[in-house]
Visitor: 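Quick one: this structure, given as structure tokens, is what I'll be asking you about.
These numbers come from a predicted model, not from an experiment. Naming convention: chains lettered A, B, ... in sequence-line order (proteins, then strands); numbering from 1 in each chain.
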Protein chains: 2
Amino acid sequence: MLKLSRLTDYAAVVMAQIARHPHASHAAAELAEAVQLPHPTVSKTLKMLVRAGLLESQRGAQGGYRLARPASQITAADIISAIEGPVAMTECSQAEGDCELAATCGVADNWQRVSLAIRTLLESVTLAHLADTAPIKLPVQLPIQTISLSAASA
Amino acid sequence: MLKLSRLTDYAAVVMAQIARHPHASHAAAELAEAVQLPHPTVSKTLKMLVRAGLLESQRGAQGGYRLARPASQITAADIISAIEGPVAMTECSQAEGDCELAATCGVADNWQRVSLAIRTLLESVTLAHLADTAPIKLPVQLPIQTISLSAASA
DNA sequence: CTAATTGGGTACCATTTTAGTCCTGTATAA
DNA sequence: TTATACAGGACTAAAATGGTACCCAATTAG
């Protein structure tokens with residue numbers, strides 16, 4: 001399915017929730033309630049997002065979580081990487097040399113290009129877009145063009 | 001990681017192998033050897049590809065597998081779907097109504113658009129491209145543009 | 001007709017990944 | 001000082017994944 005893990009899904013929802021109220025500090029319990037998900041799991045997700053530098057946390061009473069930077073500067077790729085690690089379709093899309101089948105594989109190069117195109121797409125979608133109720137209206141085609149190009153015809 | 005499953009990876013490699021010799025019939029054992037992967041696993045993968053209509057099989061002596069249609073008419077999305085099911089980033093990207101969190105989620109619509117963009121990208125990459133040693137040079141930007149623009153409601 | 005070849009289907013097991021929980025520690029504010 | 005709230009890690013349960021084995025069905029060569 002090329003699916004995101006459930007935690008990643010949660011992360012996106014929670015981040016969007018925070019992004020809609022950027023000035024407040026959000027406690028884990030409050031977010032879990034707002035989003036209707038189990039508290040400990042949301043908490044775990046939040047910790048990962050902090051570790052990835054997407055959120056900042058404040059301990060103690062009145063503490064909670066805030067965005068580490070504006071929603072427009074946090075991308076879908078950032079969120080996915082925070083939970084699942086680097087966006088890559090295959091093992092060999094991220095690191096070289098750790099696939100001893102490279103010789104017989106024959107598709108590695110092109111798979112990597114596809115992978116890169118997807119990563120670029122995900123980098124062009126920001127949290128601000130995700131949190132918005134309006135459809136994404138981004139010049140998504142630009143980065144894609146850059147990568148895969150030399151554009152033939154339609 | 002947004003990673004493909006290992007079987008999907010195998011499927012792509014095996015399909016590419018067949019695509020490079022489209023006129024011959026390829027026995028599972030031969031392919032497994034060529035690709036340096038365990039026979040039973042390759043066999044399993046081949047069966048899935050047949051069921052998905054991407055390969056045709058011929059039993060008996062001199063039998064084996066052939067492409068069901070030209071490599072240029074088989075897409076990366078086809079191969080991924082054959083092994084993992086429909087390409088979708090989240091549960092709700094594929095079917096409506098089976099997510100009771102839709103109300104509190106708030107990102108579903110835009111996630112679906114991203115998902116659609118990725119699917120379109122994968123549909124624009126064919127087996128012929130993957131099997132080729134030359135870099136992909138496809139007008140990938142066209143479909144993306146189409147999607148992410150004014151995209152109506154869900 | 002028979003035997004050899006080759007795919008088809010199914011069931012099963014091992015491993016890994018994922019998700020979720022809990023506990024204990026630490027920082028902060030009232 | 002006490003209640004609040006995050007930090008970190010260990011642990012468990014469940015599910016997906018990958019891999020194997022076994023037997024059946026079809027086809028072709030001799």
Visitor: Given dG20(C), is OP1 or OP2 found less than 4.0 Å from the side-chain N or O atoms of Arg6(A)?
Guide: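 It does, given that an N or O in the side chain of Arg6(A) lies less than 4.0 Å from OP1 or OP2 of dG20(C).
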Visitor: Could you grab the distance from atom NE2 of His26(A) to atom CG of Leu31(A), nearest 0.5 Å is fine?
Guide: 6.5 Å
Visitor: Could you give the CG-to-C1' distance, from Leu37(A) to dA19(C), as a whole number of Å?
Guide: 12 Å
Visitor: Please tell me if Tyr10(A) has a side-chain N or O lying less than 4.0 Å from either OP1 or OP2 of dA19(C).
Guide: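 Result: no.
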Visitor: Can you confirm whether more than 12 heavy atoms, excluding those of Gln36(A), are under 6.0 Å from its CD atom?
Guide: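 Enclosed.
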Visitor: Between the side chains of Glu84(B) and Thr8(B), does any donor sit under 3.5 Å from an acceptor?
Guide: yes
Visitor: So what does Pro38(B) touch, heavy atoms closer than 4.0 Å: a base, only the sugar-phosphate, or nothing?
Guide: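 The answer is sugar-phosphate, as Pro38(B) gets under 4.0 Å only of primed atoms, P, OP1 or OP2.
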Visitor: Could you work out which one of dG8(D), dT6(C), dT21(C) sits closest to the side chain of Ala27(B)?
Guide: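 Out of dG8(D), dT6(C), dT21(C), the nucleotide with an atom closest to Ala27(B)'s side chain is dT6(C).
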Visitor: If only side-chain N and O atoms of Ser5(B) are considered, is one of them under 4.0 Å from the OP1 or OP2 phosphate oxygen of dG18(D)?
Guide: yes
Visitor: Assign Ala28(B) to base, sugar-phosphate, or nothing according to its heavy-atom contacts below 4.0 angstrom with the strands shown.
Guide: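 Result for Ala28(B) = sugar-phosphate.
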Visitor: Less than 4.0 angstrom between a side-chain N/O of Tyr65(B) and OP1 or OP2 of dG8(C), yes or no?
Guide: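 Yes, because at least one side-chain N or O of Tyr65(B) sits under 4.0 Å from OP1 or OP2 of dG8(C).
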Visitor: Using a cut-off of less than 4.0 Å, is there contact between a side-chain N or O of Gln62(B) and OP1 or OP2 of dA4(C)?
Guide: no
Visitor: Check the side chains of Glu123(A) and Thr75(A) for a donor-acceptor pair under 3.5 angstrom, ignoring hydrogens and angles.
Guide: no
Visitor: Please determine whether a side-chain nitrogen or oxygen atom of Ser57(B) lies at a distance below 4.0 Å from atom OP1 or OP2 of dG8(C).
Guide: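 True: Ser57(B) side-chain N/O within range (under 4.0 Å) of dG8(C) OP1/OP2.
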Visitor: Using atom CG of Leu31(A) as one end and atom P of dT4(D) as the other, report the distance to the nearest whole Å.
Guide: 18 Å
Visitor: In this structure, how many angstroms lie between the C1' atom of dA14(C) and the NZ atom of Lys44(B), rounded?
Guide: 12 Å
Visitor: Between atom CD in Gln58(A) and atom C1' in dA7(D), what is the gap in whole Å?
Guide: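 After rounding, the reported distance stands at 14 Å.
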Visitor: Has Gln62(B) got more than 12 heavy atoms of other residues, nucleotides or ligands less than 6.0 Å from its CD?
Guide: no
Visitor: How many whole angstroms separate atom CD of Glu30(A) from atom C1' of dC6(D)?
Guide: 14 Å
Visitor: Which is true for Leu46(A) with a 4.0 Å heavy-atom rule: it touches a base, it touches only sugar-phosphate, or it touches nothing?
Guide: nothing
Visitor: Which residue, Val50(A) or Glu84(B), contacts DNA chain D at a nucleotide closer to its 5' end, judged by nearest heavy atom?
Guide: Val50(A)
Visitor: From the set dC6(D), dG9(C), dT4(D), return the single nucleotide nearest to any side-chain atom of Ala61(A).
Guide: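 The answer is dT4(D), which lies nearest to the side chain.
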Visitor: For His39(B) and dT20(D), give me the distance from atom NE2 to atom C1', rounded to whole Å.
Guide: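 Rounding to the nearest Å, NE2 of His39(B) and C1' of dT20(D) are 13 Å apart.
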Visitor: For the pair made of CZ in Arg59(B) and P in dT27(D), what is the distance, rounded to whole Å?
Guide: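 The distance from CZ of Arg59(B) to P of dT27(D) comes to 7 Å, rounded to the nearest Å.
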Visitor: Whole angstroms only, please: what is the NZ-C1' distance between Lys47(B) and dT20(D)?
Guide: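 Value for this atom pair: 11 Å.
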